[in-house]
Every structure is written in C-alpha cells, then in structure tokens.
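Because the structure is predicted, anything quoted here is derived from the model rather than measured.
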Amino acid sequence: MRDAQTNTLQYRFDGPEDAPVLILGPSLGTTWHMWDRQVPELAKQWRVFRFDLPGHGGAPAHPTGSVTELAERLLATLDGLGVQRFGYAGCALGGAVGAELALRRPDRVASLTLIAASPRFGTADEFRQRGVIVRSNGLDPIARSSPERWFTTGFAAAQPAITEWAVQMVRTTDPGCYIAACEALAAFDIRADLGRIGVPTLVLVGSDDQVTGPAEARTLVAGIPDARLAVVPGASHLVPVEQPAAVTDLLVRHFSTAWQQPAYDSSTGQMSVVVPQASPVLSVPQQAAPVAEIAPAPQPEALTGRADPYDAGIKVRREVLGDAHVDRALAQADAFSGDFQEFITRYAWGEIWDRPGLDRRSRSCVTLTALVAGGHLDELAFHTRAALRNGLTPVEIKEVLLQAAVYCGVPAANSAFKVAQQVIREETTPQE
C-alpha cells in the first residue's frame with residue numbers, strides 16, 4: 001500500500017509482480033474494499049491495482065473537480081510505478097475515469113469494463129444539489145440513504161453487516177472531496193464521444209439498478225463500436241458487492257479474451273490486444289435507441305473578432321442557476337422576450353459572471369447584496385439557490401444578509417431573510 005502525493009492517488013497492488021496490470025476503479029463514496037470479493041480470483045492472472053478516490057478510505061484529502069483530473073492523477077500514479085499499459089474496470093465514477101482514459105490515452109488502455117456507468121450521470125442539478133446537502137448537513141444523510149441506492153431491498157435486509165459497512169464507508173469520507181467528486185460527475189458528459197472509444201469494452205449493469213440502470217448501459221453499448229452488454233440479475237448499483245461471483249466470472253472472461261497473455265512483456269508493460277473474430281459470448285442488444293440531442297445554433301463572432309460570449313454564458317448560467325431554472329426561462333421566451341434572454345445570457349453570464357477576477361462565491365455575495373438593495377425578491381430566491389450551489393453555506397449567506405442590513409436598510413434585509421430562509425430550508429433538507 002502507498003499514500004500518494006497531491007497529484008497522485010492512494011493505491012494497493014495484489015497478485016504476481018510480473019503479471020499484466022488490471023486496474024479496479026471505485027464508485028463515489030466507496031473505497032478499494034468494494035472489490036475485495038473479486039481480488040482473490042483476479043490476482044491469479046493479473047497484477048491487480050486498486051486505488052481510492054481523494055478523501056476516501058483515509059486517502060489524502062486533495063479534492064479533484066473533474067473526471068479528467070482524476071484520470072490525470074491516476075496516470076501520474078501509474079507513471080511513477082512504471083505501468084504503461086493496463087486493463088481497466090470501474091464502477092460508476094470509477095467507470096467514468098476508465099472511459100476518460102480510453103478517450104484520452106487509448107494507447108495505454110488494453111481493455112475496458114464499465115460497471116453501473118453512463119455517458120452522463122443523471123443531471124448536473126442532481127449532483128450539485130447533493131453537494132448543497134453535504135455542505136449544509138455533512139455526509140450523514142447521504143450515508144444513511146446509500147444502501148437503498150446501492151443494493152436491492154432483499155440484499156440490504158439479508159446482509160445487515162454489509163449495509164452498515166456501506167454506511168460507515170460514506171460517513172468517513174472527507175466531505176470536501178465528496179462534494180468535489182459530485183461536481184466532477186455533474187460536469188461529465190461523453191455522449192458525443194462514445195464512438196471514439198476504440199478498445200474492447202464490456203458494459204456491465206445490475207438488472208435492478210435505479211441509479212444507472214440497463215437503459216444507460218444500452219446507450220453505452222449503442223455508442224461504443226466494440227462493446228458488449230452483460231445484465232446481472234438480482235443486483236442494483238454496487239454490482240461487484242451484491243453479486244460478486246457473477247461479476248468476477250464476467251471480468252475474467254472479458255479480460256482473458258481481450259488479452260493474449262503470451263504477447264505480454266513484463267519488462268516494458270506492453271501487450272498486444274487481439275479483438276476476437278468469433279461471435280461474442282455476451283449479447284449485444286438487438287435494437288438500441290439512437291442517442292441524439294439538438295445542439296445550440298452557432299452564434300456569429302462579434303465584429304471585434306472575439307468569439308461570441310453566448311456559449312460561455314449559457315454554460316455558466318446553467319452551472320450557477322441549474323438546468324431546470326434555465327430550461328424554464330428559455331422555454332417561456334417568445335418573440336417578445338427572446339432577445340432579452342439572449343442579452344442576459346451573452347452579457348450578464350458570458351461577459352461578467354465568466355470573468356476571472358472574482359470567484360463564483362464572491363460574485364454570489366455581491367449579487368445577493370445588490371438584490372437586497374434593489375428589493376428584487378424573486379431574483380433573490382433563485383440567487384440564494386445559486387449561492388448554495390456556488391459553495392456558500394447557510395451561515396455565510398446569513399452573514400451577507402446581516403451586512404446588507406447595515407448598508408441597505410433593515411426593512412429590505414427583513415424581507416430578504418424571509419425569502420432566503422425558505423429557500424435554504426427547501427435546498428438543505430435531505431429528501432426522505
């Protein structure tokens with residue numbers, strides 16, 4: 001075992017030192033121990049490498065705000081160990097890291113398994129809302145609700161020790177690193193890039209997964225050219241924990257087929273990959289729904305030659321206010337108000353909110369104060385939500401409003417407190 005530096009990850013090796021390296025990537029809120037039941041069998045053929053996400057399992061709490069950065073830290077860890085080429089299996093967030101590696105460094109990924117994964121995990125709003133909950137209440141509400149997201153009801157009832165293990169695993173995670181991982185998942189979207197994943201890929205999913213279920217798995221299979229699907233009956237999100245034997249068997253079959261062991265050179269870490277010509281053992285769905293989305297119309301460049309700020313503006317606007325709010329605003333726009341929506345997206349969000357001089361927390365403080373001064377209570381409500389998403393805590397928002405009371409007037413602040421109090425209650429109360 002090793003404790004990593006800031007730009008690397010905590011890791012553990014199992015198996016023969018001269019065997020090909022197989023990496024197992026964990027899900028958000030878990031540790032490398034989620035793979036304990038797979039390791040004894042896998043370590044007979046492979047040098048199994050497991051890692052912990054930052055702040056998970058006692059790993060150093062150096063947050064990463066994107067899947068790309070997580071992949072870079074993993075590569076930096078592997079570079080330090082002299083590991084050049086490897087197989088990779090990852091669950092959920094760990095799967096996103098694997099897909100990112102296959103897209104960015106296909107020369108290093110010999111074969112890939114994506115478990116409980118998706119090209120886009122839910123919506124950005126869902127994960128940023130989870131960050132608000134953790135920032136306001138700590139990880140306990142998330143920890144207590146984890147078993148119902150991760151396991152089928154029957155398994156959770158029959159395995160109380162594993163259920164309690166899952167709760168404690170989340171509860172002992174560093175909150176800042178958990179929030180950063182939520183931000184990474186909120187920004188992750190490779191739907192348009194699936195066709196560029198060129199390595200043999202097994203997509204594995206539990207039949208009862210309510211988080212990233214068979215529909216998301218079929219989207220991956222439809223988009224990745226050399227992908228096969230395996231649906232594990234009687235399993236939910238943490239398939240390797242709930243159905244360990246089935247997952248182990250599928251991993252052994254997939255990676256044994258993708259790797260030709262005699263071609264592996266332990267001195268260089270290189271191995272050849274042969275895609276089997278025979279019909280795959282695992283079935284590809286007969287029909288897969290096409291994945292399509294409407295891209296925003298291209299905006300002309302300004303007369304100055306600068307790129308039009310609309311695209312940056314709509315991105316920032318969605319990140320700060322949330323997809324649901326922006327979608328409602330754009331859907332309500334018509335011939336009368338459409339130009340105004342473009343105006344605020346381009347100039348308020350693309351020009352001002354996107355400037356580097358202040359971070360978003362600071363801009364939220366300024367915005368809340370200005371809205372109190374102007375008495376704009378409707379805007380204050382959704383900008384209070386935005387402030388929580390931008391990282392302000394309820395205590396910090398309270399301090400902003402108290403400061404505003406001195407300079408903007410007590411009556412204005414009184415009205416603001418009523419609005420903010422209601423929003424904070426709604427946003428920070430965990431859903432049962």
Side-chain angles (χ1 to χ4, degrees), residues 65-66 122-137 175-176 178-180 182-187 309-333 340-405 408 412-413 415-431:
S66 71
T123 68
D125 286 355
E126 292 171 14
F127 284 101
R128 293 195 172 105
Q129 175 64 22
R130 194 184 298 184
V132 169
I133 296 294
V134 174
R135 198 175 286 115
S136 304
N137 301 280
Y178 189 95
I179 292 169
C182 287
E183 287 293 328
L185 286 171
Y310 184 90
D311 288 340
I314 197 67
K315 179 176 181 293
V316 174
R317 189 179 180 187
R318 287 185 177 280
E319 290 173 352
V320 173
L321 299 180
D323 288 332
H325 175 90
V326 176
D327 287 342
R328 283 195 303 271
L330 297 180
Q332 291 169 3
F340 177 72
Q341 289 297 324
E342 285 200 19
F343 169 78
I344 59 175
T345 299
R346 182 171 285 113
Y347 296 108
W349 296 103
E351 291 280 6
I352 302 303
W353 273 87
D354 199 37
R355 289 176 64 86
L358 292 175
D359 62 24
R360 290 185 185 174
R361 284 169 48 88
S362 300
R363 292 190 185 279
S364 278
C365 291
V366 173
T367 302
L368 292 177
T369 304
L371 293 173
V372 172
H376 305 302
L377 298 183
D378 287 343
E379 287 81 0
L380 180 68
F382 62 73
H383 271 285
T384 300
R385 290 187 177 88
L388 292 167
R389 293 163 62 90
N390 283 342
L392 290 181
T393 66
V395 171
E396 290 170 327
I397 293 173
K398 177 182 70 175
E399 293 300 323
V400 170
L401 297 183
L402 285 170
Q403 186 81 6
C408 303
S415 298
F417 263 100
K418 292 178 181 178
V419 171
Q421 182 181 44
Q422 180 62 31
V423 170
I424 289 170
R425 283 176 177 168
E426 293 172 356
E427 295 295 311
T428 63
T429 301
Q431 299 296 315

Sorted by chain and number, sequence neighbours left out, salt bridge (charged side-chain N to carboxylate O under 4.0 Å, His left out) with Arg363 holds for none
Salt bridge (charged side-chain N to carboxylate O under 4.0 Å, His left out) partners of Arg389, counting only residues at least two apart: Asp125
Would you check if Leu392 and Arg135 make a side-chain contact, meaning some heavy-atom pair closer than 4.5 Å? no
What one should report as the nearest heavy-atom pair of Ile424 and Thr428 is O-OG1, 2.6 Å
Quick check: does any side chain N or O of Asn137 sit under 3.5 Å from a backbone N or O of Thr429, one acting as donor and the other as acceptor? no
Extract all donor-acceptor atom pairs below 3.5 Å that involve side chains of residues 368-379 and protein atoms in other chains or at least two apart in sequence.
unit_1, atom_1, unit_2, atom_2, d
Thr369, OG1, Cys365, O, 2.9

Check side-chain contact (heavy atoms from CB on, under 4.5 Å) between Ala312 and all other residues, then give those that pass, not counting sequence neighbours. Asp354
Of all residues at least two apart in sequence or in a different chain, which pass the side-chain hydrogen bond (donor to acceptor under 3.5 Å, both in side chains) check with Arg328? none
Under the ring pair (Phe, Tyr, Trp, His ring centres under 6.0 Å) test, which residues partner Tyr347, sequence neighbours left out? Phe343
Under 3.5 Å donor-acceptor pairs involving side-chain atoms of residues 380-388, not counting sequence neighbours:
unit_1, atom_1, unit_2, atom_2, d
Thr384, OG1, Leu380, O, 2.7
Arg385, NE, Glu427, OE2, 3.1
Arg385, NH2, Glu426, OE1, 2.8

Restricting to side-chain contact (heavy atoms from CB on, under 4.5 Å), what partner residues turn up for Ala186, sequence neighbours left out? Ala124, Phe127, Arg128
List the residues meeting side-chain hydrogen bond (donor to acceptor under 3.5 Å, both in side chains) with Ser362, not counting sequence neighbours, and say none if there are none. Asp359
Ignoring hydrogens and geometry beyond distance, is a side-chain donor-acceptor pair present between Arg317 and Thr345 at under 3.5 Å? yes
Please name the pair of heavy atoms, one in Gln341 and one in Ala329, separated by the smallest distance, quoted to 0.1 Å. OE1-CB, 3.9 Å
Indicate yes or no: at least one non-hydrogen side-chain atom of Thr393 is less than 4.5 angstrom from one of Ser136. no
Restricting to side-chain contact (heavy atoms from CB on, under 4.5 Å), what partner residues turn up for Glu399, sequence neighbours left out? Leu402
Test side-chain contact (heavy atoms from CB on, under 4.5 Å) applied to Asp327 - qualifying residues, sequence neighbours left out: Arg318, Asp323
For residues Arg360 and Trp353, report the shortest heavy-atom separation together with the two atoms involved. O-CZ3, 4.2 Å
Does Lys315 have any salt bridge (charged side-chain N to carboxylate O under 4.0 Å, His left out) partners at least two apart in sequence or in another chain, and if so, which? Glu319
Between Ile133 and Gln129, is there a side-chain heavy-atom distance shorter than 4.5 Å? yes
Between Arg361 and Gly391, is there a donor-acceptor pair closer than 3.5 Å when you use the side chain of the first and the backbone of the second? yes
